[in-house]
Amino acid sequence: MSRSDQPQDASGVSRRGFLKGVGAGALAAGAVAPAAAALGAKAGPQAAAAGTVFGPAPVAVALNVNGKVRQLRLEPRVTLLDALRNHLDLTGAKKVCDRATCGACTVLLDGKAVYACTVLAVEANGRAIETVEGLAETHGGAAPIQKCFVANDAQQCGFCTPGFVMACESFKRANPGATREQALDGLGGNLCRCGTYHGVAQAVVDALAGKGGN
Amino acid sequence: MSSSHGSGKPPADRADPLQHARSPNRTFGPQPPGEQFEVIGKRLRKVDGAGKATGEALYTDDLALPGMLHGKTLRSPHPHARIKRIDTTKAEALAGVFGVVTGAEMPARFGVIPWTPDETALCIDKVRFIGDPVAAVAAVDEETATRALDLIEVDYEQLPALFDPAEALARKDVLVHEGNKHGNITKEVLLEFGDPDGALAKSDFVVEDDYFFHGTAHAPIETHVALARYGSDGVLTLWSATQIPHYVHRELAKVLDLPAPQIRVIQPCLGGAFGGKSDPFSLEFCAAKLAMKTRRPVKFLYTREEEFYAHRGRHPMAMRFKTGLSKDGRITAVDSKILIDGGAYSSFGLVTTYYSGQLLTGPHQIPNYRFHSTRVFTNKPPCGPKRGHGSVQPRFALEVQLDRLAEKAGLDPIEVRRRNFQGAYTTTVNGQRVTSNGFDQCLDVVEKASGWKERRGKLGRGRGLGVAGSMYISGTNYCIYPNDMPQAGIQIKVDRSGLVTVFSGASDIGQGSNSVAAYIVAEELGMRVEDVRVVAADSDLCPVDLGAYSSRITFMVGNAAVHAARKLRKQVQAAVAQEWGIEPERVVLAGGFAFDKDDRGKAITSAKAFQITEAVLETLGSTGSYNTPNLGGDYRGGTIGASPAYSFTACVAEVEVDEETGIVTVPHVWTAHDCGRALAPVLVEGQIEGSAYMGFGEVFLEHHDVNRYGLHARPNLLDYTIPTSVDCPEFHASYVESLDPEGPYGAKEAGEGPLHPTIPAIANAIHDACGIWLTKLPFTPAKVVAALQARDAARAAGGGANGTANGRAH
């Protein structure tokens, strides 16, 4: 099955397609006007007018992480991944390639899976961010997909796992009737070096079938 | 631990009457400790699965300490150059920079193999590849550290660089390491067993041709990372993503000139290694040195690009193989000549050179054998051990050649392997002791699972099936630095709450060694697995284990765990028996209880049993260890590759070749692996799948190489393509349990062996599909098309369908 046959869904991020999309946006947002739209009305007066240049000094950013708004002052170049790991002590998402190729930093932004290493924190201003920690927290310790990961031995070293869990969660929400083959195809945006893809796909199928509770 | 540091000699007063670890061989056989297995062999989940799935698990880069600085490494832009001058004053003056270190401050040479210490923490006089570390900085944040690197002035005098191993072998005027006795040769091994020339001359069929195995990288998802703290008590603590904390400990003491007891090495949760974290690395020394200089904690995290330059990946090998077969399908002799591209430093190269020949003598009976392997230095990132260290490359050559001979003899490739099966409890031609051996059963499994008999030859145009076999070690009795102490140790602490803590030196790198330790102790003490906690890989807390390499942990640490727990088991049985006034044999420990075998209503919890034991004995604890028996051939190098037990694998791959585009797809890979007793079947299957996955990637997608300037051709995960879920075949993993007499409950390794046959099975399947022999990896579409064109040209010329076509040189 070729990549073009992949189900069209929120998380169907192919590595290369994703790079084209988000990478370009991130570059633009780093310096000038488009960031104004990203920052939105809540970001303070400096964001109001189109054409405003942000930075290099820190700007106010309000990150809505796992349902709680966190106020930060960050240089506009700071990625969402660095903001989560270095400023909010959320170390689930991992820094691996820092170039949108591996998916170990995957979080959900307004419900869609994104590579947090290639989204600027200012771009995420005011938008709903879900991390692997939040997913566990809102399900009383572990979400069904997380329980299904454990049950299917879908992690060995576990370093790609937090990102994979979030990509699976996004895929699952967008593809409630997905088969194992569709899951394997739809999860091509995340890399695992231990070779656990089949366990991961089975975890998705099991979670969709109601295993793992909740 | 400290007493062993720096000394290769046993203490002078060792002629003591104490029982020596090597004799008698301390193993307990394949039987369960009680009536039946309660934990071992059950489909349990890993003990650390939940923490990993919820993001809770803490890896080295997740750790942060107050006042922590960020380290960065300045790397050589030249493949080969003399360092004329380094000036760090401007970097040191930059606001936010706390310390800079250069090679002159850490002049001691190190190397994971004590005979070849040719590395320094940072280069001093010379750089030997693009990316060789030259200086390091600790600053308030990563950006400041990076800026400081630009302010370090280095004057280089460029030298001619060697990228081609054949050129490196020939050149005497350009030396990667001056003072090396044999030019650019790092190691040369020529060993001959029997009469290979005579046997080949008398063989009915002989095939001689060239094979090339390219360089590949481990590409663990977690890059190298180290965090160091130097306390006011003079204790240096290093948290590092390493799979060899013990060797790191030893080399830190040497390079930093610190007494070993003042150093603590901790390996936190680790994000993949595959052999790539089994050397001491520059960042570990630099983090430690800068922490000592600045008196602040310092963390280094390699970028993905740095990871590719630090490397230690699979050695490229150019291999000439000559193999003979008799009419009845028996191998008569194997003769190989291998040129190994070592890159800039020795690393494990001494062992690699031996392994390229020593590990090829099973599961097929080879009566006459010679290998001549030469490893040379080149100005490229250094190579080292990658999953299936040293033997994946020649295994590819031998197994393809076996298929070529089978074709000449008109025999089925599986049948040829059956006829040459060496059997169990035998000695190989190079003197390696083989114990249990289920290779024949592995062949049966993959033959049946793949539908070999019914489907082979009937799949239609461009589709085919191929087979291959292999063997691998379960650890080795070559313990890297000579000593008579155990290779693996376990300590157990029993708490009256009913909790048992297992202190294990082993490095869990994702393979599940902590889970296996917990399962074994739970089995022995009749406990629930959740009441056993494992603390691992912390040099202050845990006994020494040599590391997660050579597939040694299940076998060696497993045996140490059985040893430690069996002692406790007997104590608990005796104490409870005394309390109940019965014979100890009647006390059964199982499932979290102790009960009377003859009166099963009489039961107490494990916690109560421990309390009874503690009351009559003392504070409860136990130690256990394992050392290998003396093994190996009686010749120089005969112990390298000698293992207490060998695992065996058979693999069948199915391929589809698109003859127009040269694109090969692999819908299925069936792997059957003889791992002895599968202590944890889910983990074993995961290791088999992961091995097949990694081998598959090496065949088609991955290539670690440098361009003509010595610059890495693809140092990122977009260009160095590792397989995604979209690329992967369906992996069918099976295991065969040929119970080993010395493994823990009969277990052998499962982590590396299953990789080997994947690659030649795919090559042989491609031949079955379209009649071409691909002998030079990786199998790119261009090579496939070139080989198909050569096939068609040969057919048109009337040369038959099976002319060799090796494709374009890469």
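Predicted model only: the values in this text are computed from it and were never measured. First the proteins, then the strands, lettered A, B, ... as listed; each starts at 1.
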**Student:** Looking at every heavy atom in both A:Gln155 and B:Ala53, which two are closest together, and how far apart are they?
**Tutor:**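 Minimum heavy-atom separation between A:Gln155 and B:Ala53: OE1-CB, 4.3 Å.
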**Student:** Where on A:Val165 is there a heavy atom nearer than 4.5 Å to chain B: the side chain, the backbone, both, or neither?
**Tutor:**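 When you check distances to chain B, only side chain atoms of A:Val165 fall under 4.5 Å.
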**Student:** Is a salt bridge present between B:Glu307 and A:Arg193, judged by a nitrogen-to-oxygen distance below 4.0 Å?
**Tutor:**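 Judged by the 4.0 Å cut-off on N to carboxylate O distance, B:Glu307 and A:Arg193 do not form a salt bridge.
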**Student:** Look at B:Gly49, B:Ser725, B:Ala273, B:Gly271 and state which one has the largest set of heavy-atom pairs under 4.5 Å with chain A.
**Tutor:**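 Looking at each option in turn, the highest pair count goes to B:Ser725.
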**Student:** Which one wins on heavy-atom pair count under 4.5 Å against chain A: B:Leu58, B:Ile509, B:Asp61?
**Tutor:**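 Going by pairs under 4.5 Å, I would pick B:Asp61.
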**Student:** Please check this pair: side chain of B:Tyr59 against backbone of A:Gly158, looking for a donor-acceptor N/O pair closer than 3.5 Å.
**Tutor:**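 Side chain of B:Tyr59 to backbone of A:Gly158: a pair is present.
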**Student:** Quick check: closest heavy atoms across A:Cys194 and B:Tyr693, and the distance to 0.1 Å?
**Tutor:**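 Closest pair (atom of A:Cys194, atom of B:Tyr693, distance): C-CD2, 4.4 Å.
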**Student:** Between A:Thr161 and B:Lys52, what is the shortest heavy-atom contact and its length?
**Tutor:**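 It is CG2-O, 3.7 Å.
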**Student:** One thing to verify: whether B:Glu143 and A:Arg77 come together as a salt bridge, which I'm taking to mean a side-chain N less than 4.0 angstrom from a carboxylate O.
**Tutor:**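 Yes.
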**Student:** Side chain from CB out, backbone as N, CA, C, O: work out which of these in A:Leu135 comes under 4.5 Å of a heavy atom of chain B, or both, or neither.
**Tutor:**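 For A:Leu135, there is no contact with chain B at all, as no heavy atom is under 4.5 Å.
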**Student:** Search all heavy atoms of B:Cys728 against all heavy atoms of A:Tyr197 and return the closest pair with its distance.
**Tutor:**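 Distance-wise, the nearest heavy atoms are SG-CD1, 3.7 Å.
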**Student:** Do the charged groups of B:Lys46 and A:Asp153 touch, with an N to O distance under 4.0 Å?
**Tutor:**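 Salt bridge between B:Lys46 and A:Asp153, a charged N being under 4.0 Å from a carboxylate O: yes.
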**Student:** Any chance you could lay out the side-chain contact (heavy atoms from CB on, under 4.5 Å) test for B:Thr724 and A:Leu191, step after step, and finish with the verdict?
**Tutor:** CA-CA 6 Å; B:Thr724 69; A:Leu191 295 176; 3.7 Å; yes
**Student:** State plainly whether the residues A:Arg180 and B:Glu730 are in salt-bridge range, i.e. N to O under 4.0 Å.
**Tutor:**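 Counted as a salt bridge, because a side-chain N and a carboxylate O are separated by less than 4.0 Å.
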